[in-house]
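As a basis for the values below, the full set of heavy atoms in this structure was taken, side chains included, without hydrogen atoms, waters or symmetry mates. The sequence lines fix the lettering, A, B, ..., with proteins before strands; numbering per chain opens at 1. Small disclaimer: the values here were computed from a predicted structure and weren't measured.
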Amino acid sequence: MVDTVIDWFAVQGRDLPWRRPGTSAWAILVSEVMLQQTPVVRVLPRWHDWLEHWPTPADLADAPTAEVLRRWDRLGYPRRALRLQECARAIVREHGGEVPRGLDALRSLPGIGEYTAAAVTAFAHHGRAVVVDTNIRRVLARSVRGRALPDASYSAAERALATRSLPTDRERSVAWNQAVMELGALVCTARSPQCARCPLAKSGCAWFAAGRPAAAEGTRRRQAFEGTDRQMRGKIMAVLRRDGEAAVTDLLALDPADPARVERCTATLVADGLAVHAGERLRLP
DNA sequence: AAGTCGGGGCC
DNA sequence: GGCCCAGACTT
């Protein structure tokens with residue numbers, strides 16, 4: 001099963017820029033943070049722009065935060081951009097400007113959680129690490145457990161499954177992590193999996209063997225986006241990226257029917273460090 | 001364990 | 001109009 005997926009990747013894997021030999025650990029770390037909850041196609045232009053302007057942690061550490069947020073553009077979750085700059089400063093301050101090795105050192109950096117620490121270990125340092133992202137969760141849920149989708153919450157049992165599935169050999173573990181993630185992204189997709197193209201369908205997938213049973217009735221209900229504080233925060237940040245600053249009274253026009261919502265969101269943006277007050281105006285930090 | 005946090009493209 | 005996307009962090 002492992003070699004089947006690795007061989008598939010050798011032929012079908014995408015030539016993504018952060019996978020090219022010679023890519024720095026910092027560039028790979030930046031790609032992983034940008035890819036958190038964000039599709040590859042939208043990350044590509046931002047990643048090139050960021051690495052062109054800030055090729056090392058020291059470069060980003062010294063950058064004006066307002067420019068950092070502008071170059072983040074519409075990637076979403078702009079707190080990631082702030083944490084990435086804090087991460088760069090921590091790397092300069094505590095690790096001599098080099099991306100540290102080891103899960104514990106990586107996890108202690110701002111914005112680096114369990115997944116990203118493992119991904120940097122595997123893809124930047126070529127170490128053996130249990131990488132578990134949404135793609136790997138789905139491939140293992142289907143191929144091993146015979147389920148249409150992974151459980152809503154990430155459990156210890158699921159992590160144990162991922163650990164068991166990881167090859168013991170270091171080089172094969174790196175290849176496996178990369179390959180199974182790509183399989184989930186290109187073939188074993190959430191909505192319409194293309195089992196006809198899947199190297200595991202014939203012999204390695206319990207879900208396919210069981211006739212692709214449907215998922216249990218939807219229990220998880222996501223928060224709607226239209227009309228939420230998240231959307232309003234995004235609108236305010238879009239204005240600040242475009243103009244650098246705005247009069248608070250002008251921002252109220254973003255939702256004339258509910259000025260309290262605009263004020264509430266402005267306050268949370270300031271609390272998050274994404275905006276600062278300057279008299280009667282709001283501007284990027 | 002559950003909520004919050006962007007934004008866009010696809011069905 | 002709901003769903004999904006290389007998650008992290010707080011409570």
Taking atom [atom2] of [N] as reference, at what distance in whole Å does atom [atom1] of [X] sit?
X	N	atom1	atom2	value
A:Ile236	B:dG6	CD1	C1'	13 Å
A:Gln36	C:dC4	CD	C1'	16 Å
A:Gln37	C:dA8	CD	C1'	9 Å
A:Asn177	C:dA6	CG	P	15 Å
A:Leu35	C:dA6	CG	P	8 Å

(request) With rounding to the nearest 0.5 Å, note down the distance linking CZ in A:Arg46 to CH2 in A:Trp72. (result)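 With rounding to 0.5 Å, CZ (A:Arg46) is 10.5 Å from CH2 (A:Trp72).
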
(request) Select from A:Leu274 and A:Ser192 the residue whose nearest nucleotide in DNA chain B is closer to the 5' end of that strand. (result)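 Result of the comparison: A:Leu274.
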
Looking for any heavy atom pair under 4.0 Å, which part of the strands does [X] touch: base, sugar-phosphate only, or nothing?
X	result
A:Trp18	base
A:Arg241	sugar-phosphate
A:Ala190	sugar-phosphate
A:Thr38	base

(request) Locate the shortest heavy-atom distance separating A:Val187 from A:Cys198; write the atom from each residue and the value. (result)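 Closest approach of A:Val187 to A:Cys198: CG1-CB, 3.7 Å.
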
(request) Can you tell me, in whole Å, how much space there is between the P of B:dC5 and that of C:dA6? (result)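 My reading of the P atoms in B:dC5 and C:dA6 gives 22 Å.
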
(request) Sticking with atom C1', work out how far B:dA1 lies from C:dC5, rounded to a whole angstrom. (result)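 Those two atoms are separated by 22 Å.
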
Would you tabulate the pairs of protein nitrogen or oxygen atoms and nucleotide nitrogen or oxygen atoms of nucleotides 9-11 of chain C closer than 3.5 angstrom?
from  : atom 1 : to       : atom 2 : distance (Å)
C:dC9 : OP1    : A:Gly111 : N      : 2.6

(message) Suppose we call a contact any N or O donor and acceptor under 3.5 Å apart; does that hold for the side chain of A:Arg230 and the base of B:dG6?
(response)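 Side chain to base: pair found, below 3.5 Å.
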
(request) Confirm from the modelled atom types if A:Arg191 and B:dC10 form a donor-acceptor pair under 3.5 Å, side chain to base only. (result)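 Side chain to base: pair found, below 3.5 Å.
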
(message) Are there over 12 heavy-atom neighbours, none belonging to A:Arg74, within less than 6.0 Å of that residue's CZ?
(response)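 Atom CZ in A:Arg74 is not packed in, count stays at 12 or less.
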
(message) Among C:dA8, C:dC5, C:dC4, which nucleotide has an atom closest to any side-chain atom of A:Tyr115?
(response)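 Selected nucleotide: C:dA8.
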
(request) For side-chain contact (heavy atoms from CB on, under 4.5 Å), just list the numbers for A:Gln36 and A:Tyr77, CA-CA rounded to whole Å, side-chain angles, deciding distance to a tenth of an Å, and then say yes or no. (result) CA-CA 9 Å; A:Gln36 290 167 3; A:Tyr77 298 133; over 6 Å; no

(message) Using a strict heavy-atom distance below 4.0 Å, which residues from residues 252-269 of chain A are in contact with DNA chain C?
(response)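 Those residues: none at all.
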
